[in-house]
Amino acid sequence: MLKRIAIMVLALALTTGFAWAKPEINDLNVVNVTPVKATVFFRTAVPCIAKVIYHAEDKVNYLAKEDTAGLMHAVEVKGLEEATEYFYKIKLVDEKGGVLGELEADEYSFITAKHSIAMPSNIYGKISGGGKVAILASVRSANSHKESMGLMAVPDAKGMWTVNLGDLKGADGKAMAAKKGDVVSITAITAKGAVKSLEALVTCLPLPV
């Protein structure tokens, strides 16, 4: 009898541990930040649907979510106010709506951009090999050494992608124009986590369109 109880307790402990285990996410970034919207990008090891619950200081929660399950997630949150800090948590569910896990921490936050006018400065490239890929680009200032918030693009059917560095924003939400001497970092990430990165020095402005 005692042995049976011990086995039942062990089974319960294992089940409870699995249910409360935090799911693993990778490459979490808030990208393409504007005064009124932003995109929460990340990858998961198993296919799931991502939900982002977000709020400002008023603590009123809003929801943005994907329609289909996948390994690579880019959830766009809209209806934001400019120059405002937003806090968010991520909830992962399966295709039937079953909760796989929830991630919440004070450091999950971002600041929306201020309205500004910037000159377009496009960079572009081509990805070969097929499969789902996300292109992340950021700039590191040669003077302050500060890193911009990321910009993300998804290649088209031919593998071509374009990122407008005129949309760059700093972590404080202010416009951050690329200047001569700055370093542009470009990273290609596949759904399964394969990464290829390169850096290039800004030598002329405006950049070729």
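Remember, it's a predicted structure, so these values are computed and weren't measured experimentally.
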Check [X] against [Y] and note the closest heavy-atom contact, atom names and distance.
X	Y	result
Val163	Ala137	CG1-CB, 4.1 Å
Ala83	Lys114	CB-CG, 3.7 Å
Pro155	Ile127	CG-CG1, 4.0 Å
Ala69	Pro47	CB-C, 4.3 Å
Thr190	Met72	C-CE, 3.2 Å
Ser109	Glu85	OG-OE2, 3.4 Å

N/O donor-acceptor pair under 3.5 Å between Tyr54 side chain and Ala64 backbone:
no
Would you say the side-chain atoms of Asp58 pair up with the backbone N or O of Val60, donor to acceptor, closer than 3.5 Å?
yes
Return the [atom1] to [atom2] distance between [X] and [Y], rounded to the nearest 0.5 Å.
X	Y	atom1	atom2	value
Asp167	Leu151	CG	CG	6.0 Å
Phe42	Asp27	CZ	CG	11.0 Å
Ile135	Lys126	CD1	NZ	13.0 Å
Thr34	Leu80	OG1	CG	7.0 Å
Leu28	His73	CG	NE2	11.5 Å
Lys192	Lys132	NZ	NZ	13.5 Å

salt_bridge(Glu57, Lys59) N-O dist < 4.0 Å
no
Identify whether the distance between the nearest side-chain nitrogen and carboxylate oxygen of Arg140 and Glu199 falls below 4.0 Å.
yes
List the steps, then state whether side-chain contact (heavy atoms from CB on, under 4.5 Å) holds for Val195 with Thr187.
CA-CA 7 Å; Val195 175; Thr187 302; 3.5 Å; yes
How far apart are the C-alpha atoms of Glu147 and Ser138, what are their side-chain angles, what is the distance that settles it, and do they pass the side-chain hydrogen bond (donor to acceptor under 3.5 Å, both in side chains) test?
CA-CA 7 Å; Glu147 191 91 11; Ser138 62; 2.7 Å; yes
Run the side-chain contact (heavy atoms from CB on, under 4.5 Å) check on Lys169 and Lys174 step by step: do they pass?
CA-CA 5 Å; Lys169 302 294 185 299; Lys174 296 181 180 179; over 6 Å; no
Run the numbers on Val30 and Tyr88 for side-chain contact (heavy atoms from CB on, under 4.5 Å), then give the verdict.
CA-CA 11 Å; Val30 179; Tyr88 68 95; 3.5 Å; yes
Glu81 atom CD, over 12 foreign heavy atoms within 6.0 Å
no
In terms of hydrophobic clusters joined by side-chain contacts under 4.5 Å, are [X] and [Y] together?
X	Y	result
Leu198	Val139	yes
Ile111	Met176	no
Tyr108	Leu136	no
Val33	Val77	yes

Just so I know, are the side chains of [X] and [Y] near enough to count as touching, which here means a heavy-atom distance under 4.5 Å?
X	Y	answer
Arg43	Leu71	no
Thr39	Val75	no
Pro35	Thr112	no
Ile123	Leu165	yes

Kindly indicate, with the supporting measurements, whether the criterion side-chain contact (heavy atoms from CB on, under 4.5 Å) is fulfilled by Leu92 and Val99.
CA-CA 6 Å; Leu92 305 176; Val99 177; over 6 Å; no
Suppose we screen for ring-ring contact (aromatic ring centres under 6.0 Å, His included). Which residues come up paired with Phe41, at least two apart in sequence or across chains?
none
With ILVMFWY side chains joined below 4.5 Å, transitively, what does Leu63's cluster contain besides itself?
Ile53
Besides Val183, the hydrophobic cluster formed by Ile, Leu, Val, Met, Phe, Trp and Tyr side chains linked at under 4.5 Å, directly or via other members, contains Leu201
Whether Tyr86 and Phe110 hold their rings parallel, tilted or perpendicular, with breakpoints at 30° and 60°
parallel
